[in-house]
Amino acid sequence: MAFREVQVDLGERSYPVVVGRGARARLVGLIPPDARKAAVVTQERIPWSVDTAIEQKTFLIGGDETAKEMATVESLCRGFAEWGLHRGDVVVAVGGGVVTDVGGFAAAVYHRGVAVVHVATTLLAQIDAAIGGKTGVNLPEGKNLVGAFWQPAGVVCDTETLDTLPDRERRSGLGEMAKYRFLGVEGLEDMGLDDAVAACVQAKADVVGIDERESGRRALLNYGHTLGHALETSGSYELTHGEAVGVGMVFAAHLARRLGRVDDARVALHEQLVAGYGLAVRPPRQRRPEDLVALMRRDKKSVNGDLTFILDGPGGLEVVDGVDQRAVEATLAELLS
Ligand code: NAD
């Protein structure tokens with residue numbers, strides 16, 4: 001079967017991302033040739049199994065975002081040790097962004113690093129989370145505050161696995177897909193699923209290839225995430241990641257207009273795109289602006305606790321430090337009213 005293949009170009013650590021219906025058949029070819037054991041990290045509700053063609057054992061983690069915590073990493077690593085997973089073996093993460101973030105982080109730290117292959121089973125993981133090597137967990141103080149860069153040996157985006165994805169999770173993935181529109185990927189709405197996934201993977205691979213460690217352009221992939229992460233943390237994750245990012249992008253557009261960077265038409269485009277994917281464009285009413293501002297100051301992008309946002313402007317997206325708190329609060333008040 002012909003699958004689309006995108007290369008993430010990182011010199012000796014380059015790897016392929018195989019995209020298409022049934023692409024999990026290509027998993028065996030992505031397992032490092034010397035690995036003897038594969039620790040398959042997944043969740044109970046994910047109805048897809050994989051065949052690594054070597055000795056394998058399944059390690060289940062909790063079914064939602066709350067599993068993305070340090071305790072899960074410890075329990076995985078203890079399970080790996082008890083089973084006898086060694087340095088030359090492999091972790092295979094089968095799931096959405098929670099599984100690839102936690103499984104990837106456990107692989108990054110177990111024995112100071114074992115190979116990992118991601119089999120992404122949500123739209124969000126296929127177009128974003130499984131690619132680029134960012135792994136990690138949350139703390140009660142905020143999202144993704146502990147983690148490591150750990151590139152996979154390969155990624156499988158089997159679009160057949162999306163057949164079983166609940167509607168809400170599919171929409172959540174579309175929230176991240178909308179982000180790529182503002183990073184310059186055109187025509188996603190008119191593409192078939194496999195092409196759209198491959199186009200987003202290519203866009204992410206291009207960015208990661210030039211800025212693996214997020215010292216520049218890669219930060220732009222966090223468009224909508226400053227408020228998005230604060231909404232997730234303040235609401236104990238009752239909003240999905242993509243839902244929160246959708247609201248965050250619309251907020252960022254309103255903030256950019258208040259700061260004179262974009263016009264009404266650009267704000268309307270944000271609202272149309274996000275609403276067109278069936279996602280909310282306003283934060284939940286019960287959130288308090290002061291709590292959100294405090295959380296946004298803790299965002300990883302923030303330097304010295306300044307308010308830092310990715311903002312649209314005449315030259316496209318850019319990282320803007322030191323945004324005036326009053327402008328942020330006024331924009332939040334406008335959207336919460
Ligand atoms: P998720 O991993 O929580 O998955 C959503 C739900 O769908 C879960 O209950 C899961 O068990 C279920 N599920 C997964 N695949 C399924 C399938 N094929 N059929 C039926 N059910 C299935 O959510 P997500 O949206 O994939 O990932 C969100 C996480 O990704 C967040 O923690 C976010 O921070 C992270 N993320 C990481 C990066 C990165 O670069 N590392 C980028 C974006 C997002």
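Counting starts at 1 for both ligands and their atoms, in listed order.
Per-atom contact check: atom 29 (C) of ligand 1 touches the protein, criterion being a heavy-atom distance below 4.0 Å.
On a distance-only criterion, Thr135 and ligand 1 share no N/O pair closer than 3.5 Å. Considering both main-chain and side-chain atoms, Val98 comes within under 3.5 Å of ligand 1 through a nitrogen or oxygen pair. Residue Asp128 places no N or O, backbone or side chain, under 3.5 Å from any N or O of ligand 1. In terms of polar-atom proximity, defined here as any N/O pair under 3.5 Å, Pro166 makes no such contact with ligand 1. At a 3.5 angstrom cut-off on N or O pairs, Lys143 counts as close to ligand 1.
A donor-acceptor contact shorter than 3.5 Å links the side chain of His225 to the backbone of Tyr223. A donor-acceptor pair under 3.5 Å is formed between the side chain of Gln43 and the backbone N or O of Gly62. At least one donor-acceptor pair closer than 3.5 Å links the side chain of Thr159 to the backbone N or O of Arg21. Not one N or O on the side chain of Asp321 forms a donor-acceptor pair closer than 3.5 Å with the backbone of Thr308. Under a 3.5 Å cut-off, the side chain of Asp89 and the backbone N or O of His86 do form a donor-acceptor pair. Formation of a donor-acceptor pair under 3.5 Å by the Arg217 side chain with backbone atoms of Asp211 is not found in this model. At distances below 3.5 Å, at least one donor-acceptor pair connects side-chain atoms of Lys204 with backbone N or O atoms of Asp128.
Contact annotation for Glu169 and ligand 1: only side-chain heavy atoms (C-beta onward) come within less than 4.0 Å of the ligand. The part of Lys204 lying near ligand 1 is the side chain, judged by heavy-atom distances below 4.0 Å. By the criterion of a heavy-atom distance under 4.0 Å, the side chain of Asn144, and not its backbone, is placed next to ligand 1.
The closest non-hydrogen atom to atom 41 (N) of ligand 1, taken over Asp101, Leu124, Thr121, comes from Asp101. Looking at Glu160, His241, Arg45, Glu65, it is Glu65 that brings a heavy atom closest to atom 32 (O) of ligand 1. Remark: among candidates Thr122, Asp163, Val102, the nearest residue to atom 26 (O) of ligand 1 is Thr122, based on non-hydrogen atoms.
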Carefully, step by step, assess Asp101 and Lys134 under the rule salt bridge (Lys or Arg N to Asp or Glu O under 4.0 Å).
CA-CA 7 Å; Asp101 276 11; Lys134 273 197 198 177; over 6 Å; no
Given the rule in the salt bridge (Lys or Arg N to Asp or Glu O under 4.0 Å) test, do Arg4 and Asp194 qualify, once you have shown the distances and angles that lead to the verdict?
CA-CA 8 Å; Arg4 290 150 186 80; Asp194 289 6; 3.8 Å; yes
Any chance you could lay out the salt bridge (Lys or Arg N to Asp or Glu O under 4.0 Å) test for Glu329 and Arg326, step after step, and finish with the verdict?
CA-CA 5 Å; Glu329 284 171 351; Arg326 283 165 305 186; over 6 Å; no
Please determine whether salt bridge (Lys or Arg N to Asp or Glu O under 4.0 Å) holds for the pair Glu318 and Arg261, giving the CA-CA distance in whole Å, both sets of side-chain angles, and the decisive distance to 0.1 Å.
CA-CA 11 Å; Glu318 65 176 308; Arg261 301 173 59 90; 2.8 Å; yes
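Atom numbering of ligand 1 starts at 1 in the shown order; those under 4.0 Å from a heavy atom of Trp48 are 18 (N). When each atom of ligand 1 is checked for a heavy atom of Thr164 under 4.0 Å away, the hits are 17 (C), 18 (N), 19 (N), 20 (C). If you number the atoms of ligand 1 from 1 as listed, the ones under 4.0 Å from a heavy atom of Thr161 come out as 17 (C), 18 (N). Per-residue contacts place Glu176 under 4.0 angstrom from the following atoms of ligand 1 (heavy atoms of the residue considered): 43 (C).
For an aromatic pair to be called close, the ring centres must be under 6.0 Å apart, and His241 with His229 satisfies this. Aromatic ring centroids of His111 and Phe80 lie 6.0 Å or more apart.
The nearest heavy-atom contact from the protein to atom 22 (C) of ligand 1 is Leu165 CD1, 3.8 Å. Ranking protein heavy atoms by distance to atom 36 (N) of ligand 1, first place goes to Ala129 CB, 3.7 Å. Ranking protein heavy atoms by distance to atom 11 (O) of ligand 1, first place goes to Gln43 OE1, 2.7 Å. At the top of the distance list for atom 13 (N) of ligand 1, counting protein heavy atoms only, stands Ile46 CG1, 3.9 Å. Here the heavy atom of the protein found nearest to atom 8 (C) of ligand 1 is Gly63 O, 3.5 Å.
For Pro47, the heavy-atom gap to ligand 1 drops under 4.0 angstrom.
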